[in-house]
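Since the structure comes first, as structure tokens, the remarks are kept for the end.
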Amino acid sequence: MTGLIWADTEKIKKCAARAISDIALQKNLNNAAEHEREARRELEGKLPWQEMRTMARQSKTGAIEDLPQLLDLFEKRAIEAGSIVKRATTGEEAAQYVASVCRAHSAKTVVKGKSMLSEEIDLNQVLASEGIEAIETDLGEYIVQKRGEHPSHILAPAVHLNAGQVGDLFSQLGGESPGSSDPAALVEFARRRLRQSFLNAKVGVSGANFAVAETGTLIIVESEGNIRMCMTMPDVHIAVVGIEKVVSDWQAAAHLVQMLPMAAQGTEMATNVSLITGPARAGEGKEKELHIVLVDSGRMKVREGPYREMLNCIHCAACLAACPVYRQVGGHTYGSTYNGPMGVILTPLLAAMEGGSAKLTELCSLCGACREVCPVDIPLDDFIIDIRSDDRESSKPSAESLLFTIWARLWSKPASYRASVKSTGKALVPFMRRAKARSWLSRAPFPASLWTKERNIKAPASEMFRDLWKKRQDGSR
Amino acid sequence: MGLVNEFIDRAEENGTSTELVRSEEEAGRRVVELAGAAAVTRWDDQIVAGLDLAETSPEKAELSLVVASYGIAPSGSLVLVHGAGRSAGAALLPPRQIVLLSSVAIVKNLIDALLPIYSDSDAIPANIVIVTGPSRTRDIGLVPVIGVHAPKELHVIVISAQV
Amino acid sequence: MRIISNMKVNLFVTCLVDIFYPQVGLRLAALLERLGYELHFPRGQTCCGQPAMNCGYHGQAKLPAEQFLKTFAQTEGPIVAPYGSCVHMVKHGYPRLFEDSPELLAQAVEIGARTYDFCSFIVNVAGRSSVGGSLPNGDGPRVVYHDECHLMRGLNVREEPRSLLMGVEGCELLELEGDELCCGFGGAFSLKLPQVSVAMADEKIDRYLRAGADGVVTTDVGCMMHLQGRIQRRGLTLATHHLLDLLQPEVQQ
């Protein structure tokens, strides 16, 4: 119920290795990152981006600080507008509530818009166990659902596939074939198949990007129109919303709803932005139901700790586009609903550091590109270091910890530091004799062997700088 | 006219086709021309109610005819306010859409469209959609495709008394 | 050699330069002397402690970090290092590491305020946008500059190294679009996820090859060892240099 699928260093390495050698994936990841980078650069050049980031950060920080009151206000206004509001402390509770609403309406299928939260709480699995089929209608989600996979990117779930693979998949989906692997033809195929699902479904499920406390309004952004379908075609709309999505007023909401597509794709406005305040009323056609499930699932706990700022994240995925590690390994390597830089932080936080979730932070070279692009200025690289630190402190002493202790003691005094360097140099002499290039080794003992598998490593210089300096100073007297 | 020109330029950039007319009558004539023999579904707004068009249900219609409450100039966006006689289905289901927009309803930023609507707490519409261009996706191999579930073709007729 | 009075600079050579690239340290010293500074090498320095902090061993990191503070607290004037990563640790990492120790925190802030990477020092403090220099004999002129992450993003230093590089005789600086990616060294990362680390290096190296570069210049010796080690293993002819190798080819003994 935390979005964590698995966290295991060996598995991470295996997935990473597979991803690196997957040429189609590499091409897609590169294209996606380049496209987003260029679009964002262009937009940021035209706009007072730093000011806008500061404003966005302030809006979110203020909202998280006032979260309990804002949640109460949101609930009050939403109910006044005719919504049914359910507060769910755990993901399990939220998923069960959704199932109960479906049962109450005898709904055997639901149509779903993309919601990372719904994946985090395993909603589809909970519904399936009640005999309810959840049809993913976001094109990328539809594709990965049919393949039985998890999405590999929080915004572009099928970024790891190419058109040919999608064409093959659609051909296997019983009945007609799309007839080609031209993306437009494939989209048309999916559109026709899903249209009937939209029109027949009794219940539609969506997430929300923001929830405006001032008026009890949900804001949902998209580019396909499938979420509008899910929210307006069935008689019942259930929105599952993380509590951290609540913002206080329309000034804040208007700013943030524009920051989202700007940071995500370099566009000024998303294709469709829906603003939902209560269910469709009698007189507008059929009277409908709107259920809003406000989900905590570990978020209040995060708010109480030093990582509160992580709740400022607006799920724009700009950090995924900027991350050089993500670019190499893709989303599946992270084994979690949330991946990339925001994922390696959010996952252990929501999981309260359990299940080895902090291991995800290994997928980071601390380059800081994520922090640089974050539209709400979250210190992501510092948080990654802090999570590593929290994990060390709560773990049993390991060999690595002992190694660092010894290292720290030796290297905190110049004499022992120098002595350890000299003795390491001596130990490497046999390796240096075999080296082809002067002072560069192609083989070295552990842990340097981890380096030399694919790179040469420089041997320590025959004389350290400090000794050369001393000679130089002594010589000039 | 500055905002109108900005709106038109941005709308064209996001894939919305646009035209400028001088009167509601002219708009009506243009709608009938553009619709041709296509089966239409429309909102109840007076400006389109009387037009001679082949009408059908939203599910069967090829073309939808709606009226925007606001246009947002810097992004070429349309604000569609649903309600009685302005169903979500009519605005969503048909693949082609014509939107009528009065030039005086074009505002300079998003908040100028939202504040008037959301300040009157007694009458907040249940569903508002801000539309910026036709529906689209890059989910298949990152290739951009226009036209998914929301309308594939979007045409705006801006009505200005001051052309 | 004329020594400008009151122009004393403390050398912070960093453990990687001390151990693996002492020539870089000697070039830094020679360059600063050429610019008229008197140099002091505080012998108490060892390592800034960054590897431990980055891996999450904050307790252990404090030991060498405190030694750093103790050493440099006894100095006055600017502290200059041959690259940005360790400077970033001092200026950004130490206030975090010592946030619960008011005295050490104050020391860290005071010392951090006068700690510089050599590019910022030369261009912004010494006021020299160019110091000349040359490419080694036999090196082709087309050079790419690899921004080390902590210098570029952490310290926001991008123009100063480029300015100095453009002053090197015969050097044609190629600016590659979208090349601000991390090279994959990342300290311990290079040993923890070696395959990813190498893939990241290859991403950069392949770009350099496609652009027809003759060489790559950088400031971080960790990046340099990683890129150079991979270039060698792949058997490529792409020269790798520290910026100081070009700015100060002569090391006065």
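In the text below, chain A, chain B and the rest are named by the order of the sequence lines, each starting its count at 1.
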C/Arg43, CZ atom: more than 12 neighbouring heavy atoms under 6.0 Å: yes
A/Glu42 atom CD, over 12 foreign heavy atoms within 6.0 Å: no
Which portion of [X] sits near chain C, non-hydrogen atoms under 4.5 angstrom:
X        : result
A/Ala459 : backbone
A/Cys364 : backbone
A/Arg392 : side chain
A/Glu463 : backbone
A/Lys453 : backbone
A/Tyr417 : side chain
A/Ile20  : side chain
A/Glu372 : side chain

Looking at [options], which has the largest count of heavy-atom pairs under 4.5 Å with chain A?
options                             : value
C/Glu66, C/Lys70, C/Arg153, C/Gln45 : C/Arg153
C/Pro194, C/Cys15, C/Gly56          : C/Gly56
C/Ala61, C/Gly186, C/Pro22          : C/Pro22

Parallel, tilted or perpendicular, as decided by the 30° and 60° cut-offs, for the rings of A/Trp469 and A/Phe465: parallel
Passing option when C/Cys182 is tested against C/Cys223, C/Cys149, C/Ser197 for side-chain contact (heavy atoms from CB on, under 4.5 Å): C/Cys149
Heavy-atom pair count under 4.5 Å with chain C, highest-scoring of A/Asp391, A/Asp381, A/Thr452, A/Val329: A/Thr452
Chi angles and distances behind the side-chain contact (heavy atoms from CB on, under 4.5 Å) call for C/Phe98, C/Leu69: CA-CA 11 Å; C/Phe98 295 115; C/Leu69 291 179; 3.7 Å; yes
Step-by-step side-chain contact (heavy atoms from CB on, under 4.5 Å) determination, C/Cys183 to C/His226: CA-CA 8 Å; C/Cys183 70; C/His226 170 68; 3.7 Å; yes
Residues C/Ser190, A/Trp451; criterion side-chain contact (heavy atoms from CB on, under 4.5 Å); working and verdict: CA-CA 7 Å; C/Ser190 62; A/Trp451 178 288; 3.5 Å; yes
Pair C/Tyr94 + C/Phe68: ring centers closer than 6.0 Å: yes
